[in-house]
Amino acid sequence: MQIAFFAVAKIPASERGSGVFGKKTCDLLFSGNGQNLPGFMIGRQLTVVCSFFLVGSFTSLTIVPGEGNNIFGVSDSAQAFLNYGFQGAVMTTILASITWQYAASAFPIAFMNSPVTYVLLLVALSLEFTGICAGAWVLALVQKKVMGFQYDEVYVGTPEERMANNHPDKEFADDVGHLTGGGFMGHAVGSHDALDGPITSKDALDA
């Protein structure tokens, strides 16, 4: 989900889809100063950690090596390894994390307009609201002050400002899918490059 959220964060609101749940998700996610986006990241991380522990506990084994009861007849050392439940962590990483990240990178708008996305966003924000990881906000604030971080819009402007200044975002070519994880067809934020000068027409943008 976070891949889809970051993908649509830098595009105009008019291009984020027209579905009911898509609008509700964007309104909730980007309301105010956009504080719910990092809040979602905190809640999302909590759900990932909980998933790892739960799946790991479900898939861990209690077979004592050396008694001839090893699963699938594996060696005693392999059985001792399986008893830790690492196979569950691998399954969670592949099935519940990486697979969906690839899908979200290829179809961010579809993910934003899914009712499941809206429900999971509410769950993540509810977990963040409990304050279990409130210290993350303090550490982020300290890092921002020390490093002098600014919002991206300070450097490249909002999507609407870039279009008004004849610097719209360029679409990636069809042949870059293998670089971005499959069928991704995204855009480069402010990808006019200062050395290229302003883009005067759509034909110049396509060129």
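- Residue Leu141 is not grouped with residue Phe149 when hydrophobic side chains (ILVMFWY) are merged at heavy-atom distances under 4.5 angstrom, including chains of intermediate members.
- Side-chain contact between Thr25 and Leu121 is present, with heavy atoms from C-beta onward closer than 4.5 Å.
- At least one donor-acceptor pair closer than 3.5 Å links the side chain of Thr99 to the backbone N or O of Ile94.
- Side-chain atoms of Val48 and Arg44, non-hydrogen and from C-beta on, do get closer than 4.5 Å to each other.
- Between the CD1 atom of Ile132 and the CG atom of Leu46 there is a distance of 6.0 Å, given to the nearest 0.5 Å.
- Taken together through direct or relayed side-chain contacts under 4.5 Å among Ile, Leu, Val, Met, Phe, Trp and Tyr, Phe30 and Leu125 form part of one hydrophobic cluster.
- Taking CG from Asn36 and CG from Asp27, the interatomic distance works out to 11.0 Å, rounded to the nearest 0.5 Å.
- Two residues are said to be in side-chain contact when any heavy atoms from C-beta on lie closer than 4.5 Å; Leu28 and Leu122 meet this criterion.
- Environment of CD in Gln35: sparse, with no more than 12 heavy atoms of neighbouring residues, nucleotides or ligands closer than 6.0 Å.
- Within the 4.5 Å cutoff, no side-chain heavy atoms of Pro108 are placed close to those of Ile3.
- No continuous path of ILVMFWY side-chain contacts below 4.5 Å connects Leu120 to Leu127, so the two sit in separate hydrophobic clusters.
- The heavy-atom pair separating Ala136 from Ile42 by the smallest distance is CB-CD1, 4.0 Å.
- Asp76 contributes no side-chain N or O that, together with a main-chain N or O of Pro65, makes up a donor-acceptor pair within less than 3.5 Å.
- Annotation: the span from Leu29 atom CG to Leu37 atom CG amounts to 5.0 Å, rounded to 0.5 Å.
- For the pair Asn113 and Gly22, the tightest heavy-atom approach, listed with the atom from each and the gap, is OD1-CA, 3.4 Å.
- No side-chain heavy atom of Phe81 sits less than 4.5 Å from a side-chain heavy atom of Val74.
- Residues Val8 and Trp100 do not share a hydrophobic cluster, defined by chaining ILVMFWY side chains whose heavy atoms lie under 4.5 Å apart.
- The two residues Ala124 and Phe40 have their closest heavy-atom pair at CB-CD1, 3.5 Å.
- Considering only heavy atoms from C-beta on, Glu128 comes within 4.5 Å of Trp137 through its side chain.
- In this structure, CD1 on Ile109 lies 13.0 Å from OG on Ser114, to the nearest 0.5 angstrom.
- Within the 4.5 Å cutoff, no side-chain heavy atoms of Phe5 are placed close to those of Phe111.
- In this structure, CG on Leu139 lies 8.5 Å from CD on Gln143, to the nearest 0.5 angstrom.
- If you take SG on Cys50 and CD on Gln45, they are separated by 10.5 Å, rounding to the nearest 0.5 Å.
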